[in-house]
Amino acid sequence: MDTNQQRLIYEAESIANRARDIISTAYHLLYGVAHSDRDCIDAVLSIPAEAFPDDFQPLAKAVRTLADNGNLIDYTTLARCMYDAGVENGGSLVASLAEGADHHISCAPDLDARAILKAFAVRDSANKLGLISEIAAKGDLEAARHAFADLAPFEYAPMPPSALPIADVENAGPIPAPLFEDGVYPGVLNLFIGESNAGKSMLALTAALSLATGRTLVKAFKPLAAGKVVYLSGEDDRAILKQRLADITRAHGLEQTGAPIHFIDEVSPLITFDAAGLAHLTDGWRELNRRARDYRLIVVDPLVTWFALTSENDAAQMGRLAEILKGLAADTGAAILVTHHTNKSGAANLDQNAARGSTALTSAARFVANVARPSQTNLEQLGLAPEDAATYVRFAVSKNSYGPTTGAPCILQRVEGGALVDADPGAVRRGDLAESLAGILAETGAHLTRREIIQGRGELAAEVRKRLVEAEGAVSRHDLEKAIVHGLSIGLLREEKLPKRHGFRVEVVPNE
């Protein structure tokens, strides 16, 4: 017998036991509702109010009324709602939920709801069958047949769902809109990958603050709307978080955040795995599941701190963890953003395969972004010195299931306190190249097209390139192309359109 069969047998037995004591079952479920337990509220809303025993039906109706209006549900609001509905002794009924030492919040509200539904189906079917028997006894078989057809035996006891349901593509909803212009999607798993001290936590915090304030702090994270955020910090305590928030707000000119962003810095494993590789949900996970419904973004920083895996290389464990995280996102509608470390060879890579451990995690994520410090080659391309490696950070989207990935990496600069801001370190390099090129073209009197300069075509173009390298060091075609565009934009260079036998020739010349 497999695990799924065992679960179904347990649930069937549990439902049958609960249905035999339907009053206590209803008490436990509604007692949880009065304490604002989200699972109990959802369970009550999953069945019709008339399924409850008669005395409890006004309470079940009040729960639905409050939920439909988006109101908080607790003892006070339940009593007020029943008073407004004209329910006699409504306040006493609500107060009775707290009476009796055996009353407690249900540990399995979904089973309670199904038990109440089962008891109702038994009562309702018995009443209807009795009525049908009376009609048939009078000889009106046609009326009895119609009454039996109206019995709808599966209305409250539906058939089990198909193991392979056909997807209703025609009526499918739209792809989820991202929280930011370039990604991070609600209802799915999202990842940030980077080595230690590369800046992934600071960037995740910057993105969180950006969403909470509804303001663009770095171009990579332009929020489409503001939203509440909860940030689970596994490496930094509240004092460090306070300082980092101050550094970010100062770097981006935020006078005060006043933002709906909440922090959890006391680490408690959310999910643990035993020696057999089985996942176990902790009280911390259940509490996060309850709170998650109130947030648009949940940041878990980092994965290794909050999830007790026996091995990150175990594909089964990592896959199971991913499925649980996807389930949380789907159930709550929140975007789950998990930060994760790189493997040994992935520190400088901006690729989803740079993630440490099994690829099951990145395969399950719908959005993956990478943070990395610049390599020596990157520094040379940006015109930076080796000591600048600690000052700049490269960022790119390596996987986006619902949109494009980024082209060239974004460059961010660490400023005071480690806060990250948009940077363009190549601007100085482009300016120097454009100025030197203008001078060399003036000295040589060369009249060349963009393509001839960039590709070094012909003796004159080769001479220009040679002098440029002598003045500025190694120059790539990409750098030279950007330098020409920059020189034209600031007036160091201009283009002349000259007629030729077939069309025109456009030459780049110094703007003297």
Side-chain angles (χ1 to χ4, degrees), residues 6-68 71-83 85 87-126 155-158 280-294 327-328 331-332:
Q6 291 177 336
R7 179 181 61 81
L8 292 175
I9 291 173
Y10 162 76
E11 288 184 354
E13 293 176 348
S14 181
I15 290 169
N17 291 334
R18 284 170 159 82
R20 281 193 287 270
D21 188 5
I22 200 64
I23 299 298
S24 294
T25 300
Y27 257 126
H28 295 162
L29 194 56
L30 292 168
Y31 181 74
V33 169
H35 284 77
S36 305
D37 184 276
R38 187 69 243 182
D39 292 331
C40 290
I41 293 171
D42 288 344
V44 170
L45 296 175
S46 70
I47 59 176
E50 59 267 24
F52 281 81
D54 293 342
D55 290 343
F56 296 100
Q57 289 181 20
L59 270 171
K61 291 177 181 178
V63 173
R64 187 169 297 278
T65 298
L66 291 169
D68 289 344
N71 295 325
L72 172 71
I73 302 176
D74 59 15
Y75 277 106
T76 302
T77 56
L78 282 171
R80 185 181 301 119
C81 183
M82 297 223 293
Y83 175 81
V87 177
E88 187 176 353
N89 298 322
S92 298
L93 181 58
V94 174
S96 71
L97 295 176
E99 298 174 0
D102 63 332
H103 297 156
H104 54 80
I105 297 175
S106 173
C107 61
D110 59 323
L111 299 184
D112 280 351
R114 289 161 64 186
I116 292 172
L117 204 55
K118 177 177 180 177
F120 172 68
V122 170
R123 297 195 310 273
D124 189 55
S125 298
E155 182 178 357
Y156 297 110
H280 300 277
L281 306 181
T282 67
D283 290 340
W285 174 265
R286 283 183 278 272
E287 179 66 11
L288 176 62
N289 199 325
R290 185 182 69 82
R291 291 188 186 185
R293 304 168 195 274
D294 297 327
L328 173 66
D331 290 344
T332 63

K.L.:
Counting C-beta onward and ignoring hydrogens, is there a side-chain heavy-atom pair between Arg286 and Leu281 closer than 4.5 Å?
P.N.:
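They are in contact (side-chain heavy atoms under 4.5 Å apart), so the answer is yes.
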
K.L.:
Can you give me the closest heavy-atom contact between Ile47 and Phe52, atom names plus distance?
P.N.:
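That would be CD1-CE1, 3.7 Å.
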
K.L.:
Return the set of residues passing salt bridge (charged side-chain N to carboxylate O under 4.0 Å, His left out) with Arg64 (not counting sequence neighbours), or none when no residue passes.
P.N.:
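None.
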
K.L.:
If only side-chain N and O atoms count, and only distance matters, is there a donor-acceptor pair under 3.5 Å linking Asp74 with Thr77?
P.N.:
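Distance-only check passes for Thr77 and Asp74.
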
K.L.:
Using the rule given for side-chain contact (heavy atoms from CB on, under 4.5 Å), can you reason through Leu59 versus Val33, listing the C-alpha separation, both sets of side-chain angles and the distance that settles it, and then say yes or no?
P.N.:
CA-CA 10 Å; Leu59 270 171; Val33 169; over 6 Å; no

K.L.:
Working to the nearest 0.5 angstrom, can you tell me the gap between Leu288 CG and Asp283 CG?
P.N.:
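Rounded to the nearest 0.5 Å, the CG-CG separation comes out at 12.5 Å.
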
K.L.:
Out of the candidates Ile23, Leu30, Leu29, Thr25, only one should pair with Tyr27 under the side chain to side chain contact (heavy atoms under 4.5 Å, CB included) rule; please name it.
P.N.:
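The residue from Ile23, Leu30, Leu29, Thr25 that satisfies side chain to side chain contact (heavy atoms under 4.5 Å, CB included) with Tyr27 turns out to be Ile23.
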
K.L.:
Any side-chain heavy-atom pair from Ile22 and Phe120 closer than 4.5 angstrom?
P.N.:
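A side-chain contact under 4.5 Å is absent here.
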
K.L.:
Testing the basics here: between Leu78 and Ala62, what is the closest heavy-atom pair and its distance to 0.1 Å?
P.N.:
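Answer, listing the atom of Leu78 first, then Ala62: CD2-CB, 4.1 Å.
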
K.L.:
What heavy-atom pair brings Ala19 and Lys118 nearest, and what distance separates the two atoms?
P.N.:
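For Ala19 versus Lys118, the nearest heavy atoms are CB-CD, 4.5 Å.
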
K.L.:
Side chain to side chain donor-acceptor pair (under 3.5 Å) with His35: which residues, sequence neighbours excluded?
P.N.:
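Expected list: none.
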
K.L.:
Looking only at heavy atoms, what is the nearest atom pair of Asp331 and Arg293, with distance?
P.N.:
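Scanning both residues completely, I find the closest heavy atoms to be O-NH1, 4.2 Å.
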
K.L.:
Give, for atom CD of Glu13 and atom CD1 of Ile15, the distance between the pair rounded to the nearest 0.5 Å.
P.N.:
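Glu13 CD to Ile15 CD1: 10.5 Å, rounded to 0.5 Å.
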
K.L.:
I'd like to check the salt bridge (charged side-chain N to carboxylate O under 4.0 Å, His left out) partners of Asp54; sequence neighbours left out, ordered by chain and number.
P.N.:
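Scan of Asp54 (salt bridge (charged side-chain N to carboxylate O under 4.0 Å, His left out), adjacent residues dropped) gives none.
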
K.L.:
How far apart are the C-alpha atoms of Trp285 and Leu328, what are their side-chain angles, what is the distance that settles it, and do they pass the side-chain contact (heavy atoms from CB on, under 4.5 Å) test?
P.N.:
CA-CA 10 Å; Trp285 174 265; Leu328 173 66; 3.6 Å; yes

K.L.:
Does any pair with a residue in residues 15-32 pass salt bridge (charged side-chain N to carboxylate O under 4.0 Å, His left out), and if so which ones, sequence neighbours excluded?
P.N.:
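Non-adjacent pairs meeting salt bridge (charged side-chain N to carboxylate O under 4.0 Å, His left out): Arg18-Asp112.
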
K.L.:
Going by side chain to side chain contact (heavy atoms under 4.5 Å, CB included), Ile41 matches just one of Asp39, Val44, Leu45. Which one?
P.N.:
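Exactly one option meets the side chain to side chain contact (heavy atoms under 4.5 Å, CB included) with Ile41, and it is Leu45.
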
K.L.:
Name all residues meeting the salt bridge (charged side-chain N to carboxylate O under 4.0 Å, His left out) criterion together with Arg80; count only those two or more places apart in sequence or in a different chain, and write none if there are none.
P.N.:
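Once residues adjacent in sequence are excluded, Arg80 has no partner under the salt bridge (charged side-chain N to carboxylate O under 4.0 Å, His left out) criterion.
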
K.L.:
So, taking the atom named CD1 in Ile73 and the one named SG in Cys40, what distance separates them when rounded to the nearest 0.5 Å?
P.N.:
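One finds 11.0 Å between CD1 of Ile73 and SG of Cys40.
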
K.L.:
Scan for salt bridge (charged side-chain N to carboxylate O under 4.0 Å, His left out) pairs involving residues 22-31, sequence neighbours excluded, and state none if there are none.
P.N.:
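Every pair satisfying salt bridge (charged side-chain N to carboxylate O under 4.0 Å, His left out) with a residue in residues 22-31: there are none.
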
